[in-house]
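Notes follow the structure.
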Amino acid sequence: MSTVELFDPQILEDPYPFYRRLRETAPVWPAGDSGFYFVSRWDLVVEATERTEDFSSNLTAALMKSQDCETGLTVAAMGPPADPTHVLATGDDPVHHAHRKLVLPTLVAKRITALEPVMAETAARLWERGYDGQGIDWMAAMGDALPMTMVARLIGLPDEDVPQLVQWGYSSTEMLGGLNTAERQAQVVTDTMYLVLYLREHLEKELAAPGEDLLGYLAQACNRADISLDIGVMILVQLVGAGGESTAGLMGNAVRILGENSELQQRIRDDRALLPTFLEEVLRLESPFRGHHRHVVTDTSLGGVQLPAGSHLTLLWGAANRDPAIFENPDALRLDRPSPRSHITFGKGLHFCVGAALARLEARTAINLLLDRTRDFTIKPGGAQWVPSIMVRRHQKLELSVGSNAA
């Protein structure tokens, strides 16, 4: 396998045949001499998540497409190991555990359930604004806006700032996508810095009178000197970036699958109790994050492949979730799978996604609304477009043609 394949447009569009070849022939695949190794087999991905003493969650580098070398790859440094700015998903215990405890009060089931009426009202408002009588761009109208609106509510940020937060939040994850030109990479770095400054300003204001939202909890932690202001800001940056990204990916992937399969769409219209199981299969088949990185702490091995200290793993959730050793007929969407939540789309172990319950509820809310407001819907010809990225699996646009009795 050639490193050029990583950035091949056909593979970016449909990575799963490539992932299958990786699993079968090189389940710990060295990407040229970049120092990155792609882990694609279920057992090895899970093993890597459990070996935290060998594989740190610290995000120390990203892989980028390059025209300047033989392999077509270059490595961008992101930060040294054990740097304090590694938080939540990119932090290691005990720091990771402490940060998680700060965030969890706003993401517990009771708090999320209380958001449900606001979520439904917001979804209805977004639908009415985006539906033109014949169709809707699902991503622009709903998929991008609803998750970020809910993230903003939980954090304590103004609703009117949501469009700007969508732009900045996506830029913070686009830095890892690997396909940016130098000019575009400079722009996403600038956007991310604006996000940092914006969140810092809001957290600083909160210090004087902390409220009952995540800004308030983090401000209290700063006032107690449990964390620094900089760490509080980095926690917020990660929640804005990942919180919007993962749910938008799920909402778009689910609607595309329904729009392409009228029989499945009708089945779920007729029996809404199937919707949660359907969403789990969507999460398994189309992981919104194709993978996450690990930093190799010490000389070691995985799957018989030697890994030098300072190298990097990319754990491919999207490949592991289609491993036939774990899932029978893995490329098919089946509503009768045993243990439908057995996928690892939201991570595994210590780093299981803190926002998983929120993402599931948002997707159920939005898709129930879409089914309620339509008789049927299909994808417009040429209306589905993926974000070009080796890291995320999200639609840039998803234009739907909608049955005429939509409300």
Side-chain angles (χ1 to χ4, degrees), residues 14-20 22-24 27-28 38-51 55 57 89 107 109 112 143 147 173 242-243 245-258 260-261 264 268 273-294 303 313-364 366-367 386 389-395:
D14 178 12
Y16 301 108
F18 177 62
Y19 289 170
R20 181 167 58 248
L22 287 179
R23 280 196 311 268
E24 293 172 353
V28 181
F38 285 73
V39 186
S40 53
R41 213 170 67 198
W42 173 278
D43 60 328
L44 297 176
V45 170
V46 170
E47 179 183 339
T49 65
E50 294 170 345
R51 290 172 53 190
F55 307 125
S57 293
L107 292 170
I112 291 171
T173 54
E245 186 76 65
S246 56
T247 313
L250 169 58
M251 286 170 59
N253 296 335
V255 169
R256 177 184 55 79
I257 289 170
L258 291 176
E260 291 175 343
N261 188 327
L264 176 64
I268 292 175
L274 293 172
L275 182 55
T277 303
F278 165 71
L279 289 174
E280 297 307 322
E281 273 289 88
V282 174
L283 285 163
R284 184 186 67 78
L285 285 167
E286 297 280 15
S287 174
F289 279 97
R290 300 177 189 230
H292 277 99
H293 296 320
R294 294 292 189 271
L313 301 182
T314 299
L315 306 183
L316 292 173
W317 316 124
N321 278 332
R322 293 191 184 216
D323 190 333
I326 305 298
F327 301 101
E328 184 183 354
N329 196 8
D331 296 325
L333 189 149
R334 288 178 40 180
L335 298 178
D336 61 348
R337 287 193 188 276
S339 305
R341 288 194 178 190
S342 59
H343 59 79
I344 51 175
T345 297
F346 287 123
K348 182 78 172 171
L350 295 174
H351 283 280
F352 185 81
C353 175
V354 292
L358 179 63
R360 288 177 168 117
L361 178 59
E362 287 172 2
R364 287 200 306 273
I367 293 169
W386 293 104
S389 173
I390 62 172
M391 188 53 59
V392 302
R393 183 76 168 158
R394 171 173 53 84
H395 287 89

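It should be emphasised that the depicted structure is a prediction, and the values quoted were computed from it without experimental measurement.
For R51, the side-chain hydrogen bond (donor to acceptor under 3.5 Å, both in side chains) test picks out E47, D54, T300, with sequence neighbours left out. R360 pairs by the side-chain hydrogen bond (donor to acceptor under 3.5 Å, both in side chains) definition with E280, not counting sequence neighbours. Qualifying side-chain hydrogen bond (donor to acceptor under 3.5 Å, both in side chains) partners for T314, counting only residues two or more places apart in sequence or in other chains: H293.
Closest approach of P147 and G243 over heavy atoms only: CB-O, 4.2 Å. The two residues G143 and M251 make their nearest non-hydrogen contact at CA-CE, 3.8 Å. Here the closest non-hydrogen pair linking S342 and F327 is OG-CE2, 3.5 Å. Taking both residues in full, the closest heavy atoms of F346 and A359 are given as CZ-CB, 4.2 Å, listed atom of the first, atom of the second, then distance. Nearest heavy-atom pair, S57 versus A89, reported as atom, atom and distance to 0.1 Å: CB-O, 3.6 Å. Taking each heavy atom of A254 and F278 in turn, the nearest pair found is O-CZ, 3.6 Å.
Looking only at distances, no side-chain donor or acceptor of N261 sits under 3.5 Å from a matching main-chain atom of I257. A donor-acceptor pair is defined here as one N or O able to donate and one able to accept, closer than 3.5 Å; no such pair exists between the side chain of S287 and the backbone of W317. Proximity of a side-chain donor or acceptor of R337 to a complementary backbone N or O of E328 within less than 3.5 Å is detected. Looking only at distances, no side-chain donor or acceptor of R394 sits under 3.5 Å from a matching main-chain atom of E245. Of the possible polar contacts, none joining the N321 side chain to the E286 backbone as a donor-acceptor pair under 3.5 Å is found. Although no hydrogens or angles enter the test, the distance criterion places a donor-acceptor pair under 3.5 Å between the side chain of S389 and the main chain of V392.
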(Q) Under the criterion salt bridge (Lys or Arg N to Asp or Glu O under 4.0 Å), I'd like the reasoning laid out for R41 against D323: C-alpha separation, chi angles, the key distance, then a yes or no. (A) CA-CA 7 Å; R41 213 170 67 198; D323 190 333; 5.4 Å; no
Q) Please walk me through it: do L285 and L333 pass side chain to side chain contact (heavy atoms under 4.5 Å, CB included)? A) CA-CA 7 Å; L285 285 167; L333 189 149; 3.6 Å; yes
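A distance of 12.5 Å separates OG1 of T277 from CZ of R334, quoted to the nearest 0.5 Å. Here the straight-line distance linking atom CZ of F38 with atom CD1 of I390 works out to 5.0 Å at 0.5 Å rounding. Expressed to the nearest 0.5 Å, how far OG1 of T345 lies from CG of L250 amounts to 9.0 Å. The distance from atom CZ of F289 to atom CE of M391, rounded to the nearest 0.5 Å, is 8.5 Å. If you take NE2 on H343 and CD1 on I326, they are separated by 14.0 Å, rounding to the nearest 0.5 Å.
A cation-pi arrangement is not found for R322 relative to Y19, the charged atom failing to lie both closer than 6.0 Å to the ring centre and inside a 45° cone about the ring normal.
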